Amino acid sequence: MKSAVAATVTTALPAQPQHGAARAKVGEEKNKEADGDDRVILHFDYDCFYASVIENAHPALRTRPLGVRQKSILATCNYVARTRGVRKLMPVAQARAACPDLVVVCGEDLAPFRDASRRLWAFLRGAVAGARTERLGLDEVFLDVTAAVVYNRALLNPNALRDSFFHLSAEDPERGFTFDATRFAGCVHPPPDGQGEQHAGAGAAVLDDPVRVRLMLASHLAGYLRRRLEEDFGYTSSGGISTNKVLAKLVGSVNKPRNQTTLLPVQGENTIQEFLDAHQIREIPGIGSRTSSIIADHLFPPGKAVRAGHQEPEQQTPSGITVRDVLRYPDMSPALLSRILDRPGAERGGGKKIWNLLHGRDASEVKEAGVAPTQISVEDTYMARPLNTLPEALRELSVLATSLVRRMRADLTTAAEELTDPSSAGSAGLPLGTQQKRRWLAYPKTLRLSTCAHPGKSGSVSSTSNPSFSRISRSQPLPSFALDLGRPCAEVAERLVREALLPLFRRLHVGRAAGWNLALLNVCVANMVPVAGDGSSGSGGGAGGRDISRMFRTQGERLREWSAWDDDATTTTTTTTTMMSSPSLSPPRDRNDLFDGKAEGGAVANGGSEEKNDVEDAGSASAETELWAVDDGDSDSDVGWEDEDGDSVAQQRCAACGHVVPTFAMSAHERFHAMGD
DNA sequence: CTGGGGTCCT
DNA sequence: AGGACCC
């Protein structure tokens with residue numbers, strides 16, 4: 001329960017240092033000096049996401065210890081359960097032993113989680129004009145909000161910092177929220193030495209340093225978005241704010257449930273390196289178990305008893321090796337790392353990449369996700385009873401193929417706008433909405449079947465150092481009948497099994513008619529080809545901006561601003577007033593199979609932003625990037641945001657909409673009008 | 001009694 | 001086709 005730390009700024013706005021000189025104009029000077037700290041990246045991690053989805057569907061569970069099961073382990077559990085000793089990835093039996101009244105629900109069908117994830121993602125994608133958004137798994141999102149933050153920094157009024165307004169769009173000046181620009185929202189990472197000294201210098205530094213200003217603004221943006229996620233959708237989250245993806249994600253873990261943390265550079269100290277140094281290398285995103293154990297084994301050969309603990313089979317994963325251990329190793333260098341990691345199949349820039357990660361440098365971009373996934377797969381495991389006979393295999397392939405066809409239709413098609421009859425204007429469209437016309441957004445060209453033999457039985461347990469056990473796969477072109485939308489899923493699936501999956505299966509297991517001991521089957525379609533003529537892909541033109549604002553309005557936005565938000569995190573879960581007839585749940589007994597699939601209707605608790613979630617939108621935010629383009633204030637010397645002290649920014653009133661805009665931003669602003677005409 | 005997915009690179 | 005990484 002740490003309450004949010006706020007760095008308070010008490011000084012007046014200082015003159016903006018002539019950073020423009022150092023920063024140089026485009027192309028004039030390389031300025032490769034440092035790890036680009038020129039971006040602003042937010043990372044959101046929904047708290048125990050699967051459990052939250054269940055809780056939103058069944059609010060009565062919020063106060064109970066809850067675990068979400070996949071086969072014999074808990075994929076995750078809520079915080080009530082964690083209080084009672086339950087952990088993520090814990091075997092169910094162990095969890096029940098630790099917490100006998102644990103409510104366990106099955107989470108093997110990911111559909112409800114995928115749906116919830118997509119709704120949250122659609123909100124975040126539409127929330128900040130010009131931002132790029134990337135999903136990582138179902139429960140994490142990166143946003144590159146550099147453009148919006150730069151724009152808003154330029155709009156700061158130094159005389160009224162406490163009553164600042166953050167613009168979420170250059171187009172619509174009403175869209176945004178108020179905030180106090182004299183402080184950070186949420187926590188900051190090296191925590192300000194609160195008690196002893198509240199040095200006035202810290203305050204000055206905040207506004208002196210462009211990076212700090214941007215991060216301060218970003219902290220408020222992150223706080224606003226998290227609040228919306230919680231109030232409008234019912235999902236708490238943890239946030240990280242920094243200048244690249246790795247740092248944003250890492251720092252977001254510092255204050256975990258329902259809080260956020262901004263990683264601050266502190267003048268004269270290398271706080272970022274100190275922050276990284278304490279982490280185990282395995283904890284750095286991008287350094288996986290394989291790389292970690294190779295490095296650990298090389299630095300501290302297993303033969304030597306250097307490390308504490310004399311366990312013989314002590315398996316790797318944490319390894320105990322910290323970033324500091326690696327960087328302090330004699331003669332450590334990118335070249336040495338490259339040599340250590342060099343082996344057939346290794347990534348090319350591998351050593352240098354790891355070296356950069358260990359220093360907190362990460363140039364990877366936030367990738368704007370396409371509307372369609374690049375791959376869809378469905379799998380099941382059969383650990384308890386491995387598959388050994390053809391009838392068993394065919395039955396499971398049928399099940400998987402049916403799910404796959406259903407998912408292809410759900411995720412790769414969209415409602416066909418089939419030159420609409422003007423007569424249907426009354427929205428009386430489809431009385432029995434089910435048989436709606438759909439068309440493919442993208443279609444897969446490849447079908448792949450993967451299997452995996454059971455490690456324990458009869459199969460050769462060849463690799464002692466196996467990260468799980470390895471799969472084998474075969475692929476072929478996807479038959480075109482798989483794209484026939486006129487037939488039932490099951491029918492298409494059956495034909496897929498007979499004509500494609502069974503042949504693939506035979507190619508995988510040549511010469512053996514039975515007795516494969518298969519512990520896993522996976523059916524996958526990949527190699528997606530976007531269907532031309534779809535407005536939601538590239539298109540480039542002005543459509544993007546309008547789509548964003550349209551979607552935003554349908555979200556039921558409206559005077560919600562001016563709600564003061566002190567992230568004094570003492571008040572907890574928004575109490576829910578929901579009309580779910582709570583399913584009978586007797587925790588210890590019965591199989592607790594209360595989760596029945598989709599959270600339909602009024603299932604989602606609170607806020608009531610629900611009901612119409614058919615967003616299926618086409619909001620490609622990338623098209624709007626230019627709107628924020630204010631070329632960074634200091635890269636352009638004509639109008640800094642602080643020409644003279646006093647009230648500073650040269651502003652103009654837009655002739656088209658009347659909005660007052662800084663002079664340097666006017667051309668970008670007008671570009672919007674040109675686009676939206 | 002070790003999930004059910006995804007991404008990118010080689 | 002497989003391996004690394006991510007959750």
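Chain letters run A, B, ... following the sequence lines, proteins first, then strands; residues in each count from 1. As the structure is a prediction and not an experimental result, all values here were calculated from the model.
Protein atom CZ of R69(A) is 16 Å distant from nucleotide atom P of dC1(B), rounded to whole Å. With rounding to whole Å, M90(A) atom CE is found 19 Å from dC1(B) atom P. In this entry the distance linking CG of D362(A) with C1' of dC6(C) reads 13 Å, nearest Å. Straight-line distance from the CD1 atom of I281(A) to the C1' atom of dC5(C): 15 Å, rounded to whole Å. Atom-to-atom, CH2 of W121(A) to P of dC7(C) comes out at 19 Å; the value is rounded to the nearest Å. Spacing between atom CZ of F469(A) and atom C1' of dG3(C) amounts to 16 Å, rounded to whole angstrom units. In this structure, the CD1 atom of I287(A) is 14 Å from the C1' atom of dC6(C), given to the nearest Å. Between the NZ atom of K245(A) and the P atom of dC7(C) there is a distance of 12 Å, given to the nearest Å.
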Using atom types as modelled, flag every donor-acceptor pair under 3.5 Å from a side chain in residues 332-340 of chain A to any protein atom, sequence neighbours excluded.
from	atom 1	to	atom 2	distance (Å)
S333(A)	OG	A335(A)	N	3.3
S333(A)	OG	L336(A)	N	3.0
S338(A)	OG	P334(A)	O	3.1

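Between K249(A) and dC7(C) there is a side-chain polar atom (N or O) within less than 4.0 angstrom of OP1 or OP2. At least one side-chain nitrogen or oxygen of R282(A) sits closer than 4.0 Å to the OP1 or OP2 atom of dC6(C). A close approach under 4.0 Å does not occur between any side-chain nitrogen or oxygen of S470(A) and OP1 or OP2 of dG2(C).
Between S475(A) and R448(A), the side chains place no donor N or O within less than 3.5 Å of an acceptor N or O (distance only, hydrogens not considered).
Residues satisfying the side chain to side chain contact (heavy atoms under 4.5 Å, CB included) test with A401(A), not counting sequence neighbours, are A493(A), V497(A), L501(A). Y329(A) is linked by a ring pair (Phe, Tyr, Trp, His ring centres under 6.0 Å) to nothing, counting only residues two or more places apart in sequence or in another chain. Checked against side chain to side chain contact (heavy atoms under 4.5 Å, CB included), A490(A) has no partners two or more places apart in sequence or in another chain. By the side chain to side chain contact (heavy atoms under 4.5 Å, CB included) test, A519(A) pairs with M383(A), H454(A), sequence neighbours left out.
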Q: Give the B/S/- string for nucleotides 3-10 of chain B, one per nucleotide from 5' to 3', where a protein heavy atom under 4.0 Å of the base yields B, of only the sugar-phosphate yields S, and otherwise -.
A: BBSSB-SS
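The residue R343(A) sits apart from the nucleic acid: no heavy atom pair falls under 4.0 Å. Across all strands, P344(A) comes closer than 4.0 Å to no nucleic acid atom at all (heavy-atom distances).
Set against dC5(C), dC1(B), dA1(C), the side chain of S473(A) has dA1(C) as its closest nucleotide.
From S242(A), atom OG reaches atom CZ of R39(A) across 9.5 Å, with rounding to the nearest 0.5 Å.
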